[in-house]
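To start, the structure itself, in structure tokens.
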There are 2 protein chains.
Amino acid sequence: MVKIKEIPQSTEEKILEAAKKVFVIHGMEGTSMQQIADEAKINKSLLHYYFRSKEKLFAYVLKYAFKFVIPQFKVILESDEDVYTKIEKLVNRYMDLLMQNKFIPAFILHEINRNPDGIVEVMRGAGVDPQMFIDQFNKEIQKGAIRPIDPNHLIVNILSLCIFPVVARPLAQRLFFNNNEQAYHQFLEERKKTVPDFIIHSIKA
Amino acid sequence: MVKIKEIPQSTEEKILEAAKKVFVIHGMEGTSMQQIADEAKINKSLLHYYFRSKEKLFAYVLKYAFKFVIPQFKVILESDEDVYTKIEKLVNRYMDLLMQNKFIPAFILHEINRNPDGIVEVMRGAGVDPQMFIDQFNKEIQKGAIRPIDPNHLIVNILSLCIFPVVARPLAQRLFFNNNEQAYHQFLEERKKTVPDFIIHSIKA
DNA sequence: GTCTATATCGGGATAGAC
DNA sequence: GTCTATCCCGATATAGAC
């Protein structure tokens with residue numbers, strides 16, 4: 001209904017942009033309607049005029065985040081390249097997305113724990129289907145291309161290696177890199193190579 | 001000052017137990033003093049009598065969580081076993097801790113993003129020193145026991161593989177295991193073997 | 001559609017009796 | 001130390017003028 005990226009922005013678009021920005025940093029309970037209104041440079045009442053409640057606005061923002069991301073992975077997974085290349089591309093694409101949207105992963109993770117059924121619903125609505133991944137890897141195992149690993153473990157491993165370093169960034173950056181922003185960025189960039197390496201070393205037959 | 005595990009509990013102990021429980025589930029902004037009071041079966045005023053403010057109470061709970069965990073890893077790291085055994089033991093111990101305290105990792109992760117400097121301060125206070133880990137792995141690389149991998153990447157990989165599956169549990173359990181509690185528990189138990197396997201396959205020279 | 005003003009509620013925190 | 005009552009503020013939400 002609304003294409004957030006358009007400019008010049010309508011009020012509704014401004015609200016959604018602002019809400020995304022603020023929610024994603026402070027979480028659901030952590031942000032006030034006032035903050036969103038300020039960020040969007042309008043007043044509180046308008047928020048309620050466009051979206052009836054905070055919950056509704058929040059749900060909308062959440063939904064948008066997924067609709068944007070999911071299709072990108074389907075493309076890679078449904079291509080006809082070999083597993084190694086796919087893993088490399090998936091990790092690269094995913095890391096890019098995570099880095100470009102710093103705050104989203106932490107936000108989603110918090111939401112996963114606060115209201116898991118809500119997230120699952122949104123994800124299902126966005127077309128997330130883990131079976132798709134599982135079938136992929138099983139095929140490769142049968143071909144003997146990779147050693148027999150439970151696909152569930154493999155998938156969770158890949159996700160872990162991509163997501164966690166971004167989510168834990170504020171801490172890791174301080175502990176390992178003297179809080180040097182650029183050094184950690186460099187570190188994450190390196191991971192686009194080291195993570196597929198790490199995984200491939202582990203699974204090749 | 002207060003040993004939380006003692007029984008019969010003093011009021012102060014009851015408060016700390018209750019606060020830990022509620023904070024850890026709902027986060028800092030997500031929980032009200034009323035909730036904590038209810039959980040501890042006392043009234044709000046007493047919370048302020050014992051701990052001057054919500055912030056103070058929260059800081060106290062946070063500190064406690066770390067003081068409890070850190071020493072356990074030092075013991076393993078400072079032993080004189082070989083790397084592979086150490087990794088296996090670290091992963092096992094860590095997974096156990098994470099599983100026994102389901103809500104803590106998500107809580108910490110949220111806090112890392114909400115107020116990173118606070119967490120870092122608490123961790124430093126509890127004696128967390130990443131250099132200890134780094135030195136360990138560098139020694140092994142020089143000995144030729146493992147292939148030359150940047151220790152930062154390796155450490156982050158190990159942490160990722162342990163923590164993420166627990167933090168993302170509410171989602172993963174639903175998506176991959178039909179929300180079957182026991183099946184996911186089984187999955188996490190398996191990871192005590194598959195994760196060290198995965199890592200060791202990746203790093204052995 | 002956009003604004004101001006206001007209603008209503010819940011939160012943290014304090015005062016003061018016991 | 002523990003309770004009740006209350007203060008004060010900020011938050012969501014609504015009413016109604018323009």
Side-chain angles (χ1 to χ4, degrees), chain A residues 1-4 6-64 107 110-111 113-115 118, chain B residues 1-4 6-64 107 110-111 113-115 118:
Chain A
M1 169 193 299
V2 170
K3 279 159 202 145
I4 292 189
E6 264 173 19
I7 64 174
Q9 292 178 312
S10 69
T11 301
E12 198 174 349
E13 287 159 0
K14 279 196 291 185
I15 292 175
L16 282 171
E17 276 291 348
K20 180 183 144 194
K21 192 168 170 183
V22 185
F23 271 139
V24 134
I25 295 175
H26 297 102
M28 162 73 184
E29 291 105 340
T31 85
S32 71
M33 294 294 259
Q34 188 60 60
Q35 282 176 278
I36 298 172
D38 291 347
E39 180 70 37
K41 284 169 188 155
I42 48 129
N43 68 57
K44 280 188 295 179
S45 310
L46 277 187
L47 297 180
H48 289 93
Y49 175 77
Y50 284 99
F51 306 86
R52 277 197 13 211
S53 69
K54 188 183 177 183
E55 282 287 349
K56 292 257 171 64
L57 176 53
F58 182 73
Y60 204 106
V61 169
L62 199 61
K63 210 164 177 175
Y64 171 74
F107 163 70
H110 182 61
E111 204 45 28
N113 284 274
R114 197 185 66 95
N115 178 18
Chain B
M1 173 191 301
V2 171
K3 278 160 203 143
I4 292 186
E6 265 174 19
I7 64 173
Q9 293 178 312
S10 69
T11 301
E12 198 174 347
E13 287 159 1
K14 278 196 292 185
I15 292 175
L16 282 171
E17 276 291 347
K20 179 183 145 193
K21 191 168 172 182
V22 185
F23 271 140
V24 133
I25 295 174
H26 296 102
M28 163 73 184
E29 291 106 341
T31 85
S32 70
M33 294 295 259
Q34 189 59 61
Q35 281 176 278
I36 298 172
D38 290 348
E39 180 69 36
K41 284 169 188 154
I42 47 129
N43 67 58
K44 275 193 297 179
S45 311
L46 277 188
L47 298 180
H48 289 93
Y49 176 76
Y50 283 99
F51 306 87
R52 279 195 14 209
S53 69
K54 190 184 179 184
E55 282 287 348
K56 292 257 172 63
L57 176 53
F58 183 74
Y60 205 108
V61 170
L62 199 61
K63 210 164 178 176
Y64 174 73
F107 162 70
H110 182 59
E111 202 46 27
N113 283 275
R114 195 186 67 94
N115 177 19

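Excluded from the calculations below are hydrogen atoms, water molecules and symmetry mates; all remaining heavy atoms, backbone and side chain alike, are included. Each chain gets a letter, A, B and so on, in the order its sequence line appears, and its residues count up from 1.
- Inter-residue side-chain proximity for B/Arg114 and B/Glu29 is flagged as met; some heavy-atom pair is nearer than 4.5 Å.
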Tabulated below should be each protein N or O lying under 3.5 Å from an N or O of nucleotides 3-7 of chain D; please produce it.
{"from": "D/dC3", "atom 1": "OP2", "to": "B/Asn43", "atom 2": "ND2", "distance (Å)": "3.3"}
{"from": "D/dC3", "atom 1": "O5'", "to": "B/Asn43", "atom 2": "ND2", "distance (Å)": "3.3"}
{"from": "D/dT4", "atom 1": "O4", "to": "B/Ser45", "atom 2": "OG", "distance (Å)": "2.6"}

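- In this structure, B/Asp38 CG and B/Gln34 CD are separated by 4.5 Å, a value rounded to the nearest 0.5 Å.
- Rounded to whole Å, the distance from CZ on A/Phe23 to P on D/dA11 is 13 Å.
- Under the 4.5 Å side-chain criterion, counting only non-hydrogen atoms from C-beta, A/Tyr50 is not in contact with A/Leu16.
- Nearest heavy atom pair, residue A/Ala37 against residue A/Asn43, reads CB-C, 3.9 Å.
- Heavy-atom distances under 4.0 Å link DNA chain C to B/His48, B/Ser53, B/Lys54 of residues 47-55 of chain B, given in residue order.
- B/Thr31 and B/Val22 get closest at one heavy-atom pair: CG2-O, 3.3 Å.
- Under the 6.0 Å cut-off for aromatic ring centres, A/Phe23 and A/Phe107 do not qualify, their centroids lying 6.0 Å or more apart.
- A perpendicular orientation is assigned to the rings of B/Tyr60 and B/Phe51, their planes being inclined by more than 60° (bins at 30° and 60°).
- Side-chain atoms of B/Leu46 and B/Tyr49, non-hydrogen and from C-beta on, do get closer than 4.5 Å to each other.
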**OP:** Verify side-chain contact (heavy atoms from CB on, under 4.5 Å) between A/His48 and A/Met33, making sure each step is shown before the conclusion.
**Re:** CA-CA 9 Å; A/His48 289 93; A/Met33 294 294 259; 3.7 Å; yes
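- The phosphate of D/dG1 has neither OP1 nor OP2 within less than 4.0 Å of any side-chain N or O from B/Thr11.
- Interface residues of residues 28-39 of chain B facing DNA chain C, ordered by number: B/Thr31, B/Ser32, B/Met33, B/Gln34; criterion, heavy-atom separation under 4.0 Å.
- Remark: B/Lys14 does not engage B/Glu17 in a salt bridge, criterion side-chain N to carboxylate O under 4.0 Å.
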